[in-house]
Amino acid sequence: MEKKYIQLIHKDLDGLLTPSERQELDTALQADPELQKFSEKLLRMSEQLKQVPLLEPPPSLKQKIVESIDFNRYRAKKTKPALFSRFAQWYAEPRFRLVYGLAAGIIIGILTSLLLFPGLITQPPLQITDLYGTIGIHESDLNVIREYSVDRNSFQGAFKVKTYWNIVGCEISFQTNADTEIQLEYNQALLEFRGITTLESIKTDLKTTPNLITLSASQSGNFLILFEKLSPSIFPITLKINQKDKNIFTQTMTNN
Amino acid sequence: MMEIDDKQIIQQCLNGSKNAFELLVEKYYKVIFNVAYRMTGDSDDAEDITQTVFIKVFDRLADYDYRHKFFSWLYRMVINETLNFLKASKKFKDLNSKMVTTDKNPEQRCIESDLGTRIQMALMKLDPSYRILILLKHFQNCSYKEIADSLNLSEKIVKSRLYTARQLLKDIMIEVGI
């Protein structure tokens with residue numbers, strides 16, 4: 001007898017045969033009298049087991065069980081009261097009332113001070129932490145104070161000057177199909193160059209000299225050049241865009 | 001009764017409710033008694049096992065993991081208790097020659113048919129590890145998953161062992177003329 005058909009007979013006993021398995025088994029049973037005999041005996045056994053009635057235990061058993069249980073086991077355990085009740089109970093303790101009064105006074109005092117003097121909540125100026133990587137500021141925190149768009153020859157781009165506390169960011173995003181040089185002139189007495197971030201990994205050449213930053217790129221780019229403010233005034237800043245050694249755009253920003 | 005009800009009953013038991021535990025006993029003592037009887041073939045032993053199982057259930061109720069079905073946990077307890085009982089009373093060795101006890105009360109004698117007695121005799125000739133599978137599948141109508149959970153075995157092993165158990169029981173039943 002094939003093991004496969006024996007397993008199908010057992011599946012049949014469990015009522016788990018699929019229609020195709022049923023068909024396969026029926027064909028095998030018709031072809032193999034030994035298998036058929038085996039199946040009949042197993043089915044007969046299963047039917048006989050079904051006929052065995054459930055035994056009734058002695059009527060006294062339930063009572064015996066209940067009497068043998070020590071119900072104090074759990075009853076003795078005091079159940080934990082609900083959180084609110086525990087808080088109410090704790091609050092009601094007279095010895096803590098002075099503490100509650102003091103705590104409430106301190107909280108009310110702090111809230112009132114903050115409402116009357118919002119300047120008390122000051123955030124310390126953020127520091128630029130490294131040159132090309134982590135800048136301790138999110139770009140969206142920067143406030144735009146100057147904005148220009150450039151559309152010359154094959155160059156389309158936007159330029160923004162943003163500030164946040166002691167940080168100044170000059171953002172340049174552009175698209176072009178020619179080699180491009182972007183220059184940013186600034187006053188090193190007013191600004192100190194601290195780093196550059198790029199939102200896209202593109203090949204870029206960066207040259208820095210006192211008062212001048214030069215970026216060379218092609219295709220497209222999105223840069224944020226970061227400075228630290230050395231004085232309240234940051235201008236003048238001049239943006240120059242050159243292609244093939246020829247200036248195609250110049251914008252000087254002043255305080256006015 | 002649904003499984004969720006068992007959990008509610010257990011919670012009430014843990015809060016010290018005697019009535020809730022009586023409800024649990026009412027619901028399961030017949031099942032436990034039947035499993036114990038079919039495993040031991042002795043109604044007195046089955047009574048003792050049933051009582052011990054409920055005492056242990058009550059003692060360990062706080063450890064019951066609500067993620068599992070209560071009856072699987074209960075079956076596991078009755079199976080362990082029965083197997084331990086059989087080992088302790090050295091019945092493992094002479095089970096094959098053990099006859100079904102005849103000291104039943106009149107009510108039980110009436111209820112249990114002649115076929116039932118002979119099938120019990122055949123069951124007693126089966127190794128306890130196979131007998132329990134026949135009991136859970138054919139007497140308690142447990143699914144393979146429920147049996148696997150109760151015996152802490154995989155469904156595959158349960159299937160394979162049950163197939164063997166059925167074939168052995170079939171042969172025994174033919175042998176004793178059922």
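Numbers restart at 1 for each chain; the letters A, B, ... are given by sequence-line order, proteins then strands.
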Can you say whether the rings of B:F58 and A:F71 are parallel (under 30°), tilted (30 to 60°) or perpendicular (over 60°)?
perpendicular
Do the non-hydrogen side-chain atoms of A:V52 and B:Q120 ever get within less than 4.5 Å of each other?
no
Ranked by heavy-atom pairs below 4.5 Å to chain A, first place among B:R166, B:K137, B:E26, B:K170 goes to B:R166
Checking A:I6 against chain B: side chain, backbone, both or neither under 4.5 Å from a heavy atom?
side chain
Looking at B:T50, B:V53, B:I119, which makes the most heavy-atom pairs under 4.5 Å with chain A?
B:I119
Most heavy-atom pairs under 4.5 angstrom with chain A, which of B:Y144, B:F21, B:F54, B:Y29?
B:Y29
Heavy atoms of A:I65 and B:Q51 approach each other most closely as CG1-CA, 4.0 Å
What I'd like to find out is whether the side chain of A:Q7 reaches to under 4.5 Å of the side chain of B:K159, using heavy atoms alone.
no
Measure distances from B:D171 to the heavy atoms of chain A and classify the residue's part below 4.5 Å as side chain, backbone, both or neither.
neither
Which atoms of B:L61 approach chain A - backbone, side chain, both or neither, heavy atom under 4.5 Å
both
Count the heavy-atom pairs under 4.5 Å between each of B:I178, B:L162, B:L123, B:N34 and chain A, then report the option with the highest count.
B:N34
Checking B:I174 against chain A: side chain, backbone, both or neither under 4.5 Å from a heavy atom?
side chain
